[in-house]
Enquirer: 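Sharing a structure here in structure tokens format.
So that the names make sense, note that chain A is the first sequence line, chain B the second, and so on, each numbered from 1. All of these numbers come straight from a predicted model, not from anything done at the bench.
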2 protein chains.
Amino acid sequence: MAKYLKALAHPARILIMKHLASSNICFCGDIVDVLPLSQSTVSQHLKELKNAGLIKGEIEGVKVCYCIDDIQWQIAITTIQGFLNNTQSIKHY
Amino acid sequence: MAKYLKALAHPARILIMKHLASSNICFCGDIVDVLPLSQSTVSQHLKELKNAGLIKGEIEGVKVCYCIDDIQWQIAITTIQGFLNNTQSIKHY
DNA sequence: TAAATTCATCGTAAAATTACGATTAAAGAT
DNA sequence: ATCTTTAATCGTAATTTTACGATGAATTTA
């Protein structure tokens with residue numbers, strides 16, 4: 001729970017997740033181009049998302065293709081939504 | 001967005017939100033009793049949640065009664081859920 | 001084989017986070 | 001008026017986070 005939220009609690013990492021969700025092409029370099037951060041910093045953020053289990057990277061020649069780990073991400077979404085639903089005053093049945 | 005997630009990205013603060021959501025009595029001291037942290041540390045976490053706008057505290061005599069800021073919390077929930085829905089591969093219509 | 005490309009890792013610095021005890025301020029009780 | 005209770009704030013230490021440039025490893029290209 002906190003692990004997932006922590007992984008998402010940074011603007012750069014939110015943008016990475018959005019970018020991976022919206023684009024099929026997901027090479028590391030593409031993400032670097034999108035973010036106003038250095039290559040090494042982006043690589044660090046990708047590593048944190050990977051450590052949280054939210055994304056996975058696959059080596060493809062000289063490049064690395066990143067994508068959302070759909071199964072894990074679905075678990076994270078369910079976990080977070082469960083928390084949100086349990087704490088909101090307006091109950092949706 | 002990141003502001004909300006950051007505020008929630010700590011086990012203690014998640015517990016505080018859960019506790020505030022489930023109990024009507026919400027004095028600061030009660031929260032201190034529930035968490036395995038010192039009074040000053042809990043006070044700091046409460047401050048962060050308040051800075052993020054998620055909770056509000058009202059002085060009641062010598063005690064302070066905390067509760068979730070329902071309007072702000074609903075906005076946060078909607079924002080987070082919007083993000084989650086937009087990034088999940090399984091779309092729910 | 002040599003050069004270039006891509007990206008992870010290393011080393012490091014600055015800033016933020018987390019935690020605690022001590023102190024302080026405000027209100028209530030004696 | 002003094003003491004007690006409650007909770008915020010202060011000061012501080014340890015850790016973590018964030019960011020960068022430099023370096024290194026792996027693969028592709030020339």
Enquirer: Expressed in angstrom and rounded to an integer, what is the separation of B:K63 atom NZ from D:dT6 atom P?
Expert: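 Spelled out: NZ on B:K63 to P on D:dT6 is 6 Å.
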Enquirer: Please name all residues satisfying side-chain hydrogen bond (donor to acceptor under 3.5 Å, both in side chains) with A:D70, sequence neighbours left out, ordered by chain then number.
Expert: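 For A:D70, the residues satisfying side-chain hydrogen bond (donor to acceptor under 3.5 Å, both in side chains) (neighbours in sequence not counted) are B:S89.
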Enquirer: What residues form a side-chain contact (heavy atoms from CB on, under 4.5 Å) with B:L15, not counting sequence neighbours?
Expert: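 Expected list: B:L35.
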Enquirer: Listed by chain and number, what are the side-chain contact (heavy atoms from CB on, under 4.5 Å) partners of A:T79, not counting sequence neighbours?
Expert: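 Partners of A:T79 by the side-chain contact (heavy atoms from CB on, under 4.5 Å) criterion, ordered by chain and then number, come out as A:M1, A:Y4, A:I75.
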Enquirer: In this structure, how many angstroms lie between the P atom of C:dT17 and the CG atom of B:L8, rounded?
Expert: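 Between P of C:dT17 and CG of B:L8: 14 Å.
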Enquirer: Take the protein atom CD of A:E58 and the nucleotide atom C1' of C:dC7, then report the distance between them rounded to whole Å.
Expert: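 Going from CD in A:E58 over to C1' in C:dC7 covers 15 Å.
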Enquirer: For A:L46 and C:dC7, give me the distance from atom CG to atom P, rounded to whole Å.
Expert: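 These atoms are roughly 10 Å apart.
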Enquirer: Enumerate the residue pairs fulfilling ring pair (Phe, Tyr, Trp, His ring centres under 6.0 Å) with a member in residues 12-32 of chain A, sequence neighbours excluded, ordered by first and then second residue.
Expert: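 Matches after skipping sequence neighbours: none remain.
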Enquirer: Under the side-chain contact (heavy atoms from CB on, under 4.5 Å) rule, collect the residues that match up with B:T78, sequence neighbours excluded.
Expert: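 In terms of side-chain contact (heavy atoms from CB on, under 4.5 Å), with neighbours along the sequence ignored, B:T78 is linked to B:Q74.
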Enquirer: Atom NZ of B:K47 and atom C1' of D:dA7: how far apart are they, to the nearest Å?
Expert: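 It works out to 12 Å between those atoms.
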Enquirer: Using whole Å, what does the distance between atom C1' of nucleotide D:dA8 and atom CD1 of B:I55 come to?
Expert: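 Checked: the CD1 to C1' distance equals 13 Å.
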Enquirer: What ring pair (Phe, Tyr, Trp, His ring centres under 6.0 Å) pairs are there with at least one residue in residues 49-84 of chain A, not counting sequence neighbours?
Expert: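 Matches after skipping sequence neighbours: none remain.
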Enquirer: Quick one: pull up CD in B:Q44 and NZ in B:K47 and give me the separation to the nearest 0.5 Å.
Expert: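 Taking CD in B:Q44 and NZ in B:K47, the distance rounds to 7.5 Å.
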Enquirer: Determine which pairs satisfy side chain to side chain donor-acceptor pair (under 3.5 Å) with at least one residue from residues 48-63 of chain A, sequence neighbours left out, and list them in order.
Expert: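 Residue pairs passing side chain to side chain donor-acceptor pair (under 3.5 Å), neighbours aside: A:R13-A:E48.
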Enquirer: Quick one: what's the B/S/- string for nucleotides 17-30 of chain D, heavy-atom cutoff under 4.0 Å, read 5' to 3'?
Expert: SBBBBB----BS--
Enquirer: Roughly how bent is the helix from C:dT1-D:dA30 to C:dT30-D:dA1 end to end, in steps of 10 degrees, with each end axis from five pairs?
Expert: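 Roughly 10°, once rounded to the nearest ten degrees.
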Enquirer: Nearest-Å distance, CD1 (B:I16) to C1' (D:dA7)?
Expert: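 Result: 13 Å.
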